[in-house]
Amino acid sequence: MAAVKSDIEIARMAQKKPIMEVGAALGIPAEQLAPYGHDKAKVSADFIHGLSDRPDGRLILVTAINPTPAGEGKTTTTVGLGDGLNRIGKKAVICVREPSLGPCFGMKGGAAGGGHAQVIPMEDINLHFTGDFHAITSAHNLLAAMIDNHLYWGNALDIDVRRITWRRAMDMNDRALRQMVGALGGVANGFPRECGFDITVASEVMAILCLAEDFGDLEQRLGGIIVAYRRDKTPVFARDLKADGAMAVLLKDAMQPNLVQTLENNPAFVHGGPFANIAHGCNSVIATKAALKLGDYVVTEAGFGADLGAEKFFDIKCRKAGLKPAAAVIVATVRALKMNGGVAKEDLGAEDVAALTRGCANLGRHIANVRRFGVPVVVAINHFTTDTDAEVAAVQDYVSRHGADAILCRHWAEGSAGITELAERVVELADGGQADFKPLYLDAMPLMEKIETVTAKIYHAGEVTADKAVRDQLAAWEAQGYGELPVCIAKTQYSFSTDPTLRGAPEGHVVHVREVRLSAGAGFVVAITGEIMTMPGLPSSPSAERIFLNDDGHIEGLF
């Protein structure tokens, strides 16, 4: 039997079209594309602005069960479904996030789909791409530098050095930078103070870029970032430091969506990349809205399991951008469901219908949660060669008892030909008028009550705990006029609880909110729970150890 090719080997064999041809198929004139080589381009803001009078297509969300080391293939299914919709004669556009260098060189490796369902050029997308993340990092750190510079030159804004909330950022997993003391070395280097780094995908600048409707909205949101507080507890904004204009300039090109293609030459927007476990987990609003004007169906993803990505997609992105999803796909694998049922990773190759059935409780919880938002659901079983007929049938029977369909998808191995059944079912759901989208909570609900609502209704927690300082901080923000913002809960992706080892569908667990952060520019309040970190660390054997250039100058090890 021939050896199975790696994702990067498959991507390297692709017959790419010039990006101008991909754009032309969507109706984008060549002069409205800024090419980055022959296979990627940015779409101009003027062209996107000119689309405003066109009707919108149908928005399809792809989400998943809680991730496991066994893999789920959410991005792979997103890409495969987009290809599948085009294969059955529909005009479909894919919208996904840009990968972060942190997990690329850490635990996960590449994140541009997999097998025969990928967006390309895979190497570029996973590495520096068009420089968007570098621009976001630079804008974030410009603001940090201007804060310390303001302190050095007299602190005219009367910033309380103990209450500076703006940290620095870099797009790499580096636990040593989580908590630091900066400005050491004497008078010439400024005032020593405690500081630290977050990963770029957790930056409020990333969230702002992904939620901004246009360049003017971007600059206004940047100005609204709260960087510190004075001794009287009043906030200091980025606009007070006159940083917003320069930050927006650094983001001028990054605001323009990136157009690439799939292995089957279908159009894909890859733009923005906030993590869903520590940020809001969705690609940019501007890319999604542009795609809705250009295609009849838009397939987009939200990070990690539906308890994180889908909830934030619905409660933050759709709420803020006025989006109304028509259908949702929940990706599951037999392997991951068996892990949720208690099977160790090394034992996943053996048939175990009993463990699979136990693990299906996780899938059932996600189905119910997505329906809670008024969005119709179909389950995609992302096929692995070790899956047995009995295991696939068990998943399908379980989902059928929950009033939905579970469709076996072979897009990883077969491309669009292996996912046409799912594509046809998605069209039926999206065109069927069943969707009645509504967010989980009202804007007017108090912030702590919003957190409690998400944890009770989505996580099935029995209690939310928070120190008095956290509750007082939320009350203070409500008094300052931020009470109507949605909440963005930072939580482990591996469980409905805050314990990453508690798989399946736990009930009655306790969620402890240990810190809250106000992202006033982005327009949400972050609640940090459990042991989740906004600057991840590398694993004991990071992917970086296995990534290198071969003798032909090609990248190896990028999955």
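Atom set for the values below is all heavy atoms of this structure, side chains included, hydrogens, waters and symmetry mates excluded. From a predicted model like this one, the values you see are computed outputs, not experimental measurements.
Using modelled atom types and a 3.5 Å distance limit, the side chains of Thr234 and Asp232 yield a donor-acceptor pair. Side chains of Thr534 and Asp198: a donor on one and an acceptor on the other come within 3.5 Å.
For the pair Arg58 (side chain) and Tyr297 (backbone), a donor-acceptor distance under 3.5 Å is absent. Under the 3.5 Å distance criterion, the side-chain polar atoms of Asp315 are matched with a main-chain donor or acceptor of Leu440. Side-chain N or O atoms of Asn66 include one that pairs as donor or acceptor with a backbone N or O of Gln493 at under 3.5 Å. Of the possible polar contacts, none joining the Thr300 side chain to the Leu61 backbone as a donor-acceptor pair under 3.5 Å is found.
Partner Ser497 forms a side-chain contact (heavy atoms from CB on, under 4.5 Å) with one of Thr455, Leu502, Asp307 and no other, that one being Leu502.
A salt bridge between Lys90 and Asp431 is absent, with no side-chain N of the basic residue lying under 4.0 Å from a carboxylate O of the acidic one.
For the pair Lys491/Ile532, no side-chain contact is recorded, criterion being any heavy-atom separation below 4.5 Å from C-beta on. No side-chain heavy atom of Glu515 sits under 4.5 Å from any side-chain heavy atom of Val470. Considering only heavy atoms from C-beta on, Arg514 stays 4.5 Å or farther from Glu531 through its side chain.
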Start with the C-alpha distance between Phe496 and His366, add both sets of side-chain angles, then the distance that settles ring-ring contact (aromatic ring centres under 6.0 Å, His included), and finish with yes or no.
CA-CA 10 Å; Phe496 280 106; His366 288 297; 4.6 Å; yes
Give the intermediate values and the outcome of salt bridge (charged side-chain N to carboxylate O under 4.0 Å, His left out) for residues Lys42 and Asp253.
CA-CA 8 Å; Lys42 283 190 168 289; Asp253 292 337; over 6 Å; no
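A parallel orientation is assigned to the rings of Phe437 and Phe373, their planes being inclined by less than 30° (bins at 30° and 60°).
Not a single salt bridge (Lys or Arg N to Asp or Glu O under 4.0 Å) links Arg401 to another residue, sequence neighbours left out. For the side chain to side chain contact (heavy atoms under 4.5 Å, CB included) test, residues two or more places apart in sequence or in another chain that qualify with Leu323 are Leu59, Thr288, Lys289, Leu292, Lys317, Cys318, Ala321. Every residue two or more places apart in sequence or in another chain was checked for a ring pair (Phe, Tyr, Trp, His ring centres under 6.0 Å) with Tyr459, and none qualifies. Evaluation of the salt bridge (Lys or Arg N to Asp or Glu O under 4.0 Å) rule for Asp467 yields no partner, not counting sequence neighbours.
Sorted by first and then second residue, the salt bridge (Lys or Arg N to Asp or Glu O under 4.0 Å) pairs involving residues 435-455 (not counting sequence neighbours) are Arg319-Asp443. The stretch residues 367-378 participates, sequence neighbours left out, in no side chain to side chain donor-acceptor pair (under 3.5 Å) pair at all.
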